There are 2 protein chains.
Amino acid sequence: MKLEKAAAQLEALGNPTRLQLYRILVRAGDDGLAVGSVQGKLDIPSSTLSHHLKRLVDTGLVTQERQATTLICRANYPGMNALIGYLADECCADAVCAPAVGKALV
Amino acid sequence: MKLEKAAAQLEALGNPTRLQLYRILVRAGDDGLAVGSVQGKLDIPSSTLSHHLKRLVDTGLVTQERQATTLICRANYPGMNALIGYLADECCADAVCAPAVGKALV
DNA sequence: ACTTAATTTCGAAAAATATGGAAATAACAT
DNA sequence: ATGTTATTTCCATATTTTTCGAAATTAAGT
């Protein structure tokens with residue numbers, strides 16, 4: 001993973017609203033969630049939500065699939081894994097932190 | 001870890017200059033690196049660097065220790081591990097991505 | 001074609017971030 | 001005390017981000 005891409009993904013997640021949004025999608029699992037359903041959970045205007053979603057989609061953290069008029073959004077696990085892998089590699093280049101990453105697995 | 005804190009750390013890392021800066025500190029290992037040495041590697045004005053460093057320190061990703069006139073900076077591994085753990089937990093809440101996280105360990 | 005529902009784009013204002021020169025501070029040596 | 005080096009704070013500016021109402025678009029359903 002290139003540093004620029006990692007930074008873009010980190011920045012995308014580095015906004016409380018978007019991180020919350022991403023969490024909601026993760027919790028929705030493989031079924032995903034329609035934009036409208038997400039809006040119900042976040043209670044923000046649709047245009048604001050659309051901008052945030054776009055950011056997550058553009059950076060490869062979320063995917064979207066049309067079903068008639070509704071747009072299903074899903075957390076893109078491979079994208080997140082690549083990011084976590086990048087961070088872990090950066091973090092563990094010299095150190096000491098493998099155990100804690102391991103802990104996240106349990 | 002609280003969502004707000006995770007978001008602040010992600011945002012701190014979500015800037016190419018700061019991510020590069022953080023990488024440099026990780027690679028410097030336990031010895032750390034003086035602010036001036038970092039500046040030499042990044043080639044940015046000291047005031048700009050100081051702002052970025054402050055952001056990483058404030059969010060708990062970097063620590064600093066005075067040695068006479070120079071300030072030694074170190075990557076704060078526990079801070080990063082907590083963040084990676086948070087992301088892994090969020091990501092793996094329902095899914096499918098444990099194997100990839102495992103891969104990051106190797 | 002017309003309507004309805006879902007979502008995005010446009011446009012614009014407020015807020016936050018990024019950048020860096022110049023001055024201030026910190027810590028020490030002489 | 002003065003000088004020197006290292007780093008931060010102050011200040012101002014340019015850019016980017018965030019926010020959201022209103023209008024436009026998309027995709028059915030009737």
Side-chain angles (χ1 to χ4, degrees), chain A residues 3-25 28 31-76, chain B residues 3-25 28 31-76:
Chain A
L3 181 136
E4 289 287 345
K5 183 177 182 182
Q9 291 185 329
L10 290 165
E11 191 189 40
L13 292 171
N15 169 283
T17 302
R18 281 194 299 267
L19 188 53
Q20 221 178 320
L21 164 49
Y22 184 80
R23 278 185 74 196
I24 287 171
L25 294 182
D31 292 341
L33 220 52
V35 175
S37 307
V38 177
Q39 198 196 344
K41 296 194 183 232
L42 279 179
D43 196 32
I44 58 176
S46 49
S47 71
T48 303
L49 173 57
S50 185
H51 284 304
H52 285 310
L53 261 174
K54 180 169 163 38
R55 189 81 157 264
L56 291 172
V57 170
D58 286 350
T59 51
L61 290 165
V62 164
T63 62
Q64 291 181 320
E65 180 198 353
R66 268 228 116 83
Q67 278 180 13
T69 49
T70 71
L71 244 195
I72 305 297
C73 307
R74 292 190 181 84
N76 181 31
Chain B
L3 182 136
E4 290 287 343
K5 183 177 182 182
Q9 291 185 329
L10 290 165
E11 190 190 41
L13 292 171
N15 170 283
T17 303
R18 282 194 299 267
L19 187 53
Q20 222 179 319
L21 164 49
Y22 183 79
R23 278 185 73 195
I24 288 171
L25 293 182
D31 293 342
L33 220 52
V35 175
S37 307
V38 177
Q39 198 196 343
K41 296 193 184 235
L42 278 179
D43 196 34
I44 57 176
S46 51
S47 72
T48 303
L49 173 57
S50 185
H51 285 305
H52 285 310
L53 259 175
K54 179 168 164 38
R55 188 81 156 265
L56 291 171
V57 170
D58 285 349
T59 51
L61 290 165
V62 164
T63 62
Q64 291 181 320
E65 179 198 355
R66 268 227 115 82
Q67 276 180 15
T69 50
T70 70
L71 245 194
I72 304 297
C73 308
R74 292 191 182 83
N76 181 31

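Basis for what follows: all heavy atoms, side chains included, without hydrogens, waters or symmetry-related copies. Residue numbers begin at 1 in each chain, while the letters A, B, ... track the order of the sequences. Treat the numbers as computed from the prediction; the structure is a model and nothing was measured.
Residues meeting the side-chain contact (heavy atoms from CB on, under 4.5 Å) test with A/S50, sequence neighbours left out: none. For B/Q39, there are no side-chain hydrogen bond (donor to acceptor under 3.5 Å, both in side chains) partners at least two apart in sequence or on another chain. By the salt bridge (charged side-chain N to carboxylate O under 4.0 Å, His left out) test, A/K54 pairs with A/D58, sequence neighbours left out. Residues passing the side-chain hydrogen bond (donor to acceptor under 3.5 Å, both in side chains) test with A/H52, sequence neighbours excluded: A/R18.
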Do any side-chain atoms of residues 60-67 of chain B form donor-acceptor pairs under 3.5 angstrom with protein atoms, and if so which ones, sequence neighbours left out?
| from | atom 1 | to | atom 2 | distance (Å) |
| --- | --- | --- | --- | --- |
| B/E65 | OE1 | B/R74 | NH1 | 2.8 |
| B/E65 | OE1 | B/R74 | NH2 | 3.4 |
| B/R66 | NE | B/A68 | O | 3.2 |
| B/R66 | NH2 | B/T69 | O | 3.4 |

Where along nucleotides 5-18 of chain D does protein come under 4.0 Å, by heavy atom, of base (B) or sugar-phosphate alone (S), with - for untouched nucleotides?
BSSBBB------SS
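Residue A/L21 contributes atom CG, which lies 12 Å from atom P of D/dT19 at whole-angstrom precision. Rounded to an integer number of Å, the gap from B/L56 CG to C/dT17 C1' is 14 Å.
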